[in-house]
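Take a look at the structure below.
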Amino acid sequence: MERDPGRGAVPTRPALRDDCPQRTRQIPSFVWALPPVALLGLVFLYPLALVVQQSVQPDTGGTSLQPYSDVFASESFREALGTTVWLAVGATVGCLVLGFALALVIAFVPFPGGKAVAKFIDVFLSFPSFLITLALLFIYGTKGMANGMWTGATGAGGDGPFQFLTTPWGVLLAEITYFTPFVMRPLLAAFSAIDTAQLEVASSLGARPLRVVRQVILPEALPALAAGGSLVLVMCLNEFGIVLFTGAKDVTTLPMLVYSKAMLESDYPAACVVAVVNIAISVGLYGLYRVVSRRAGA
């Protein structure tokens, strides 16, 4: 008991002992990770596991790697793999060249509406791929504007000379058109971080524009180019809508082969084998993209 001169004796609380056990226990951190991991496993990992399981279960029954041997030995798979790779690589190179040139003009060449064009790039990224392909069909299709203007100007019969959209080159043009903004976006961000004083100093020392681009701008843009190119390469490998909407019947990529095996031939083991190969290539390239992005700071 303590004594207060004005109030008399005041009871005091007993001091808490240091060895008193805590009444609350902290929930382990891994418990909070269980719900999202379970949801991810149910939505993504479980269907993926079913695809892998189906790829080793031939129609004859049992478990075997025979579907892999059959698919790898088929000419259609080798052609689809080669077509997928060269289209993806060609589109990536085209996107890098065109994206770098366009981003260079938008960032360093002042013109009316330049900021609006830069903002439109962000909007363009949200467009579905089939929308761009449909626009190209309106222009270069068999009954498109280009062929209509040609026949109207020359009076020639037939469908017109522009028939390339249903060829591999038409698919390549559509992919470059659609995926170029995915390269421009990181490039514009990289260009905005370049100190304009460096460009002015290089110009004042007599460097021509091409030399300024090669020695000042390009080294700063290389990380963004690598990150954007890696992303475009991964996306081109898995592109399905562009090939489908161009109507290129002779162009068979891995995603188109999966569709053909599953929906047209009902050969689900073969379709799953092709899907597993496509996933393995995509995951490997995505890992490369993450490494490049991390080193580039993109």
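- L102 CG to I121 CD1: the interatomic distance, rounded to the nearest 0.5 Å, is 7.5 Å.
- Among the candidates L257, V276, V273, the single residue satisfying the side chain to side chain contact (heavy atoms under 4.5 Å, CB included) test with V71 is V273.
- Pairing each heavy atom of C236 with each of E175, the nearest pair is SG-OE1, 4.0 Å.
- Minimum interatomic distance between V258 and A275 (heavy atoms only, all atoms of both residues): CG2-N, 3.7 Å.
- Residue R185 holds its CZ atom at 14.5 Å from OG1 of T180, rounded to the nearest 0.5 Å.
- Nearest heavy atoms, Y178 versus F127: OH-O, 2.8 Å.
- Rounding to the nearest 0.5 Å gives a distance of 13.5 Å between CG of L285 and CE of M235.
- Residues passing the side chain to side chain contact (heavy atoms under 4.5 Å, CB included) test with P269 are Q54, D59, P67, D267, sequence neighbours excluded.
- The two atoms that bring T133 and I242 nearest to each other are OG1-CG1, 3.5 Å, heavy atoms only.
- Every pair passing ring pair (Phe, Tyr, Trp, His ring centres under 6.0 Å) that includes a residue from residues 217-244 is listed here, sequence neighbours excluded: F240-Y259.
- By the criterion of side-chain heavy atoms lying less than 4.5 angstrom apart, applied directly or through intervening Ile, Leu, Val, Met, Phe, Trp or Tyr residues, I279 is not grouped with Y46; the two fall into different hydrophobic clusters.
- In this structure, L81 CG and T252 OG1 are separated by 12.5 Å, a value rounded to the nearest 0.5 Å.
- In this structure, L137 is not a member of the same hydrophobic cluster as M149, with clusters built from ILVMFWY side-chain heavy atoms closer than 4.5 Å.
- The aromatic rings of F182 and F179 are tilted relative to each other, their planes meeting at an angle between 30° and 60°.
- How far CD of E220 is from CG of L218: 10.0 Å, rounded to the nearest 0.5 Å.
- Within the structure, the ring pair (Phe, Tyr, Trp, His ring centres under 6.0 Å) test picks out the following pairs touching residues 266-286 (sequence neighbours left out): Y286-Y289.
- Put simply, the side chain of T177 gets close to the backbone of L173: a donor and an acceptor are under 3.5 Å apart.
- S192 places a side-chain N or O within 3.5 Å of a backbone atom of A189 that can act as its donor or acceptor partner.
- With side-chain heavy atoms closer than 4.5 Å counting as contact, directly or through intermediates, L210 stands alone and belongs to no larger hydrophobic cluster.
- Residues satisfying the side chain to side chain contact (heavy atoms under 4.5 Å, CB included) criterion with L172, sequence neighbours excluded, are W86, L87, A91, W169, I176.
- Here Q53 pairs with L50, Q57 under the side chain to side chain contact (heavy atoms under 4.5 Å, CB included) rule; sequence neighbours left out.
- For V232 against C95, the heavy-atom pair with the smallest separation is CG1-SG, 4.1 Å.
- Between L131 atom CG and L136 atom CG the span is 10.0 Å, to the nearest 0.5 Å.
- Across all their heavy atoms, A221 and L187 have their closest contact at CB-CD2, 3.8 Å.
- Checked against side chain to side chain donor-acceptor pair (under 3.5 Å), S129 has the following partners two or more places apart in sequence or in another chain: E239.
- In this structure F108 satisfies the ring-ring contact (aromatic ring centres under 6.0 Å, His included) test together with F191, sequence neighbours excluded.
- With sequence neighbours excluded, no residue satisfies side chain to side chain donor-acceptor pair (under 3.5 Å) with T83.
- Applying the side chain to side chain donor-acceptor pair (under 3.5 Å) criterion to S282, with sequence neighbours excluded, gives N238.
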Quick one: do L237 and L254 satisfy side chain to side chain contact (heavy atoms under 4.5 Å, CB included)? Show the steps, please.
CA-CA 8 Å; L237 283 171; L254 289 180; over 6 Å; no
Going through the distances and angles, do T167 and D250 end up as a side chain to side chain contact (heavy atoms under 4.5 Å, CB included)?
CA-CA 7 Å; T167 67; D250 296 332; over 6 Å; no
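- Looking at residues two or more places apart in sequence or on another chain, you find a side chain to side chain contact (heavy atoms under 4.5 Å, CB included) between V105 and V109, F111.
- The stretch residues 100-111 participates, sequence neighbours left out, in no side chain to side chain donor-acceptor pair (under 3.5 Å) pair at all.
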